[in-house]
Amino acid sequence: MKVTLKDIAQKAGVSLSTVSRVLNYDTTLSVSDDTRQRIFEIAEELNYTKIKRSPKNPEVHRIAVVQWYSENKEMDDLYYMAIRMGIEKRSQELQIQTTPVFQNQVSEISQDVDGIIAVGKYSEDQVSQLSELTNNLMFVDWSEIGRGFDSVVTDFKTPVTAALQLLLAQSDEVGIIYGSEYTTDRKLKIPDPRYSIYKRLMTSSSKYNDKLVFQGNYTNQSGYDLMQQAIRELGDDLPHAFFISNDPMAIGALKALGEANIDVPERVSCFSFNDTSVAKYVYPELSAVHVYTDQMGVTAVDMMKSRLDDGRDVPLKTVVATTLMKRKSTR
């Protein structure tokens with residue numbers, strides 16, 4: 001009978017995430033030495049091991065690519081789909097076999113996978129669930145370096161700061177439409193890092209104004225509703241520029257501005273983040289921070305391969321740079 005982290009947690013009288021973090025040597029975990037020792041002793045007593053496949057063909061690696069969204073929701077978010085496609089393309093080039101798995105299918109992951117690349121945002125419990133299947137676990141667009149797992153993320157601070165400075169050169173007042181979200185198990189709320197950068201920069205320049213801040217949920221409908229709200233509430237005081245946290249929200253905002261006969265960029269400039277393929281096919285074309293989603297996928301596969309081939313056990317974190325794409329939605 002397979003022993004799981006849950007079995008150890010129950011016998012030790014601690015949470016599942018605590019067991020996972022202790023067994024993964026997470027030095028940031030605040031837990032007593034006695035508890036730490038008890039967990040290791042129980043794991044040894046129960047003969048706990050993370051099952052790792054002994055492949056018939058050692059030249060062929062098999063990895064599961066976990067998408068934190070459901071399949072239906074992924075169709076509405078080209079950003080995460082592009083990362084997954086980058087992973088699959090690079091894996092094919094390196095003759096690595098991939099199995100796409102959506103978050104609601106994690107329990108179906110085969111125990112003989114060599115590694116797991118998890119795309120998106122995950123709670124402690126979800127990380128623990130994945131770490132039960134393999135030591136070779138890494139995250140894309142989410143950092144778990146503190147718990148000892150490889151991570152690939154994109155740069156937020158540099159491009160958001162640059163985009164805001166560009167907008168501030170056009171207008172003394174810059175609004176923001178941004179989002180927040182939860183992990184799929186609803187156990188962790190994830191704040192928008194772009195808003196944090198916006199607030200810090202605008203506050204330091206004495207230009208932060210709560211009335212210009214609108215929070216939604218990263219969807220096209222949310223961007224549309226929030227821009228309508230801004231138009232309604234601010235009237236003639238509507239700022240001449242908005243930074244918007246992703247392309248779906250920005251496209252919804254453009255629609256609301258168009259319906260209100262507000263010219264873009266003559267009256268209001270808009271700058272988005274992600275620069276998915278749709279950014280160039282709306283009117284006017286969206287200025288956006290271009291995130292190299294394909295390179296994030298390639299980097300994830302290359303890092304996984306180095307871990308599998310070389311036996312690397314030191315966790316790495318890679319930050320992928322971005323580029324500002326100035327198009328017709330800004331002056």
Side-chain angles (χ1 to χ4, degrees), residues 20 24 50-53 55 57-145 147-154 181 183-185 188 190 274 276-277 291-310 312 315-320:
S20 175
N24 280 292
K50 293 182 180 178
I51 296 177
K52 187 174 181 181
R53 179 176 62 89
N57 182 357
E59 299 300 321
V60 178
H61 295 307
R62 293 179 174 85
I63 61 173
V65 181
V66 178
Q67 179 66 281
W68 75 307
Y69 282 159
S70 66
E71 187 170 5
N72 287 337
K73 192 169 181 181
E74 190 202 44
M75 296 299 294
D76 296 325
D77 196 324
L78 298 179
Y79 176 78
Y80 286 107
M81 180 183 289
I83 292 175
R84 179 172 63 81
M85 292 175 66
I87 291 171
E88 292 176 352
K89 180 180 179 182
R90 182 58 170 165
S91 297
Q92 187 175 22
E93 291 172 352
L94 298 178
Q95 297 184 324
I96 294 173
Q97 294 183 12
T98 60
T99 302
V101 179
F102 293 91
Q103 180 56 42
N104 55 348
Q105 303 167 327
V106 167
S107 60
E108 301 172 16
I109 294 177
S110 172
Q111 293 179 350
D112 68 352
V113 295
D114 294 304
I116 294 175
I117 297 178
V119 181
K121 316 293 197 301
Y122 296 86
S123 68
E124 284 190 19
D125 286 350
Q126 290 174 322
V127 173
S128 297
Q129 182 185 18
L130 293 171
S131 68
E132 284 190 42
L133 296 169
T134 178
N135 289 314
N136 300 316
L137 172 61
M138 73 171 305
F139 294 85
V140 186
D141 202 46
W142 185 245
S143 178
E144 288 291 344
I145 190 73
R147 293 186 219 177
F149 300 115
D150 289 347
S151 304
V152 179
V153 296
T154 194
E181 57 195 344
T183 53
T184 53
D185 60 3
L188 178 64
I190 304 153
N274 288 352
T276 52
S277 57
V291 179
Y292 292 94
T293 48
D294 53 345
Q295 188 60 49
M296 292 173 73
V298 168
T299 302
V301 175
D302 288 346
M303 288 171 65
M304 177 62 76
K305 189 173 188 301
S306 78
R307 176 175 285 274
L308 295 175
D309 288 349
D310 306 332
R312 173 177 58 81
L316 301 177
K317 178 178 178 178
T318 299
V319 181
V320 177

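Contact between I116 and M304 at its shortest, heavy atoms only, is O-CE, 3.4 Å. Taking all atoms of both residues into account, the shortest heavy-atom contact from S151 to M138 is N-CE, 4.5 Å.
For S306, the side chain to side chain contact (heavy atoms under 4.5 Å, CB included) partners are D310, R312, not counting sequence neighbours. With sequence neighbours excluded, no residue forms a salt bridge (Lys or Arg N to Asp or Glu O under 4.0 Å) with D294. With sequence neighbours excluded, the residues that form a side-chain hydrogen bond (donor to acceptor under 3.5 Å, both in side chains) with T299 are Q295. Remark: T318 engages no residue in a side-chain hydrogen bond (donor to acceptor under 3.5 Å, both in side chains) (not counting sequence neighbours). Every side chain to side chain contact (heavy atoms under 4.5 Å, CB included) that Q126 has, sequence neighbours left out, goes to Q103, Y122, S123, T183, T184, D185. Under the side-chain hydrogen bond (donor to acceptor under 3.5 Å, both in side chains) criterion, E93 pairs with R90, not counting sequence neighbours. Residues passing the side chain to side chain contact (heavy atoms under 4.5 Å, CB included) test with T276, sequence neighbours excluded: L78, Y79, D247, N274, V278. Scanning for side-chain hydrogen bond (donor to acceptor under 3.5 Å, both in side chains) contacts around Q97 gives R62, with sequence neighbours left out. Here K305 pairs with D309 under the salt bridge (Lys or Arg N to Asp or Glu O under 4.0 Å) rule; sequence neighbours left out. When the side chain to side chain contact (heavy atoms under 4.5 Å, CB included) test is applied to E124, the partners found at least two apart in sequence or on another chain are S17, R21, R147.
Under the side-chain hydrogen bond (donor to acceptor under 3.5 Å, both in side chains) rule, R307 has a single partner from D150, N135, D114, which is D150.
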Assess whether side chain to side chain donor-acceptor pair (under 3.5 Å) is satisfied between T98 and S91, documenting all intermediate values. CA-CA 7 Å; T98 60; S91 297; 5.2 Å; no
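Within the cation-pi definition used here (under 6.0 Å to the ring centroid, within 45° of the axis), K121 qualifies as a partner of W68.
Side-chain N or O atoms of D141 include none that pairs as donor or acceptor with a backbone N or O of V119 at under 3.5 Å.
Listed by first and then second residue, the salt bridge (Lys or Arg N to Asp or Glu O under 4.0 Å) pairs involving residues 99-110 amount to none (not counting sequence neighbours).
Residues V301 and L94 meet the side-chain proximity criterion, which asks for heavy atoms closer than 4.5 Å.
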